[in-house]
Structure formats: structure tokens, C-alpha cells
Amino acid sequence: MATWRNLTIGSISLAGIHGIVAALRRNARDPKRPLALFGLT
């Protein structure tokens, strides 16, 4: 689980999003949102 969390935090940072905590909460609510960061949707 820590690996997935670190991957998500790294992706959020690379996407230029500064509010990591808020972004993690948004990603937790919508399972399709993290995939959009990778362009997989």
C-alpha cells in the first residue's frame, strides 16, 4: 500500500498539483481520477 501511495504522491507532484493532501482525498473518492493522471482513461 505504501508503494501505491508513494506512486500517487509522485504522480501528483509531477502533474504540478501543490495541494497533495487535498488531491489524495479527491483521488480516493473517485477511482477513475488517478488513472487520468497517467492518461489511461
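Computed from a predicted model, the values in this text were never measured in an experiment.
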_Residue among I9, L7, T3 satisfying side chain to side chain contact (heavy atoms under 4.5 Å, CB included) with R5_ = I9
*Report the distance from atom OG1 of T8 to atom CZ of R33, rounding to the nearest 0.5 Å.*
12.0 Å
*asked:* For residues L14 and L24: do they belong to one hydrophobic cluster (side chain heavy atoms under 4.5 Å, members Ile, Leu, Val, Met, Phe, Trp, Tyr)?
replied: no
